[in-house]
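A quick write-up on the structure given underneath.
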2 protein chains.
Amino acid sequence: MAGKEQRGGAAPERVLSAALNLFSRHGVSGTSLQMIADELGVTKAAVYHRFQSKEEIVWAVVAPALERLAEVAREAEAQPRRSRQVGTALAGVVDLVVEHRRVSAIILTDPAVSRLVRGHPVLYALEERINRVLAGPEPDAETLVGAAMLSGGLMAAGLDPRLADLDDDTLRRHLLDTARRLMRLRPLPRARTAAEF
Amino acid sequence: MAGKEQRGGAAPERVLSAALNLFSRHGVSGTSLQMIADELGVTKAAVYHRFQSKEEIVWAVVAPALERLAEVAREAEAQPRRSRQVGTALAGVVDLVVEHRRVSAIILTDPAVSRLVRGHPVLYALEERINRVLAGPEPDAETLVGAAMLSGGLMAAGLDPRLADLDDDTLRRHLLDTARRLMRLRPLPRARTAAEF
DNA sequence: GTCTATACGCTGATAGAC
DNA sequence: GTCTATCAGCGTATAGAC
């Protein structure tokens, strides 16, 4: 496994990388600052020199994915027609999950992270915006079920070891096809890539 | 929220109920025996009189759902034809998720629980049996993606607060329809219930 | 059966030497 | 910037009184 690394010390990006690894494997509550420090080959105090608290590390880990999600919401809401809104949002969240697999997973599943994110008013509203774009203004029960299954399904697929061999583009294409089927959208013409929709 | 309850002491089923509640809200690592004891209005020592360790409590919480999953695998494998195998397995896991929503969620998402379960050889094999029944012996990439999305999707739907108002039968029906669409199975005739397939 | 009391390691976090 | 040393508090778990 990952032995102790001494080169580079507690540089911020090394801390965040180690933290993400450990959060994925043990959950946020199951990860101590000691474990992060050990992974980097430094002491806890060195980590505390860069981040004032454990919570600050968690925020720094999830921030990039959340900013991307906000961007996806903006892009989707800017589309004039409903069908384009759903398509844009789906392609956006699929891209997001493929590129930030493990961050997406800890945001969606770790209770400590969920609390943190949902406790933030802007981010709580962001979740609702995404849901509204995906399910529409007055969704029937089946659409609601599809939308609910989407996030968890994408997360599970992004993490599944059986899919780890697929390259990103193939995974993205299959995920988008499957996600559209889940949401009862018509299949996309083969030639187009996910980014074009 | 749930105040301290003094009646009933640390009876095993009360411990497990409180533990499941707390595991769902805070994760296993985020739940201490002190929290469980407080929820019941007893001391930690009283809880330890019934269960020898925290791990033993975790096992007792997840055991019923895992036994059901083994039953689902047996039933599905007993079907003579592939199409029936998939249908039976889907109906089984949908039933399982509807009836054990929160237990399914902590098994699938909590790293501490996943480690425990996957470390057990029989249970690790069970996971593979279910996957083989759902995806078939030589699945193409898209089927693999669908199967991967299934577990996480069902879990997310089972926990989604927007779906909490649906009664169990309605939820079960929509979940099964959506899950079959996900796995590219033909829609089920309306009259049939999930249990019949 | 449930309690009080206790053991001892590890937690997140701080102070100050180099 | 990273270290050593230290803190109070909480973690799991145990012993023994009632």
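In what follows, chains are A, B, ... by sequence order, proteins preceding strands, each numbered from 1.
- Heavy atoms of B:Ser29 sit nowhere under 4.0 angstrom from any nucleic acid atom.
- In this entry the distance linking CG of B:Asp38 with C1' of D:dC10 reads 12 Å, nearest Å.
- When the C1' atom of D:dT12 is taken as reference, atom CD1 of B:Ile57 falls 11 Å away, rounded to whole Å.
- Counting to the nearest Å, the C1' atom of D:dC10 and the CD1 atom of B:Ile36 are 15 Å from each other.
- When the P atom of C:dT14 is taken as reference, atom CD of A:Glu56 falls 11 Å away, rounded to whole Å.
- Ion pair A:Glu75/A:Arg84 not flagged as a salt bridge, since none of the NZ, NE, NH1 or NH2 atoms sits closer than 4.0 Å to an Asp/Glu carboxylate oxygen.
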Using nucleotides 1-8 of chain C, report all nitrogen or oxygen pairs with the protein that are shorter than 3.5 Å.
from, atom 1, to, atom 2, distance (Å)
C:dT2, OP2, B:Arg50, NE, 3.4
C:dT2, OP2, B:Arg50, NH2, 3.2
C:dC3, OP2, B:Thr43, N, 3.0
C:dC3, OP2, B:Thr43, OG1, 3.1

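- Look at CD on B:Glu55: it is 18 Å from P on D:dG11, rounded to the nearest Å.
- The rotation axes computed at either terminus of the helix from C:dG1-D:dC18 to C:dC18-D:dG1 lie 0° apart, taking five pairs at each end and rounding to 10 degrees.
- Contact check, B:Ser32 against D:dG11: a side-chain N or O comes under 4.0 Å of OP1 or OP2.
- Without hydrogens or angle criteria, B:Arg181 side chain to A:Leu182 main chain gives a donor-acceptor distance under 3.5 Å.
- Of the candidates B:Arg82, B:Arg132, B:Arg129, B:Glu77 forms a salt bridge (Lys or Arg N to Asp or Glu O under 4.0 Å) with just one, namely B:Arg129.
- A salt bridge links B:Asp140 with B:Arg184: the distance from a Lys NZ or Arg NE/NH1/NH2 to an Asp or Glu carboxylate oxygen falls below 4.0 Å.
- Distance A:Tyr48 OH to C:dG16 P: 18 Å, rounded to the nearest Å.
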May I have the step-by-step check of side-chain contact (heavy atoms from CB on, under 4.5 Å) for B:Val47 and B:Ile57, ending in yes or no?
CA-CA 10 Å; B:Val47 177; B:Ile57 297 178; 4.0 Å; yes
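- Both A:Gln34 and A:Gln52 sit near DNA chain C, but only A:Gln34 has its closest nucleotide nearer the 5' end.
- At whole-Å resolution of the value, NZ in A:Lys54 and C1' in C:dT14 are 18 Å apart.
- The two residues B:Leu166 and A:Ala141 have their closest heavy-atom pair at CD2-CB, 4.5 Å.
- Here the closest heavy-atom approach between residue A:Ser24 and residue B:Pro111 is recorded as O-CG, 4.3 Å.
- Classification of A:Arg101 and A:Asp160 as a salt-bridged pair fails, no side-chain N sitting under 4.0 Å from a carboxylate O.
- One hydrophobic cluster, built from ILVMFWY side chains closer than 4.5 Å, cannot hold both A:Val98 and A:Leu159; they sit in different ones.
- Between B:Leu33 atom CG and D:dA13 atom P there is a gap of 7 Å when expressed in whole angstrom units.
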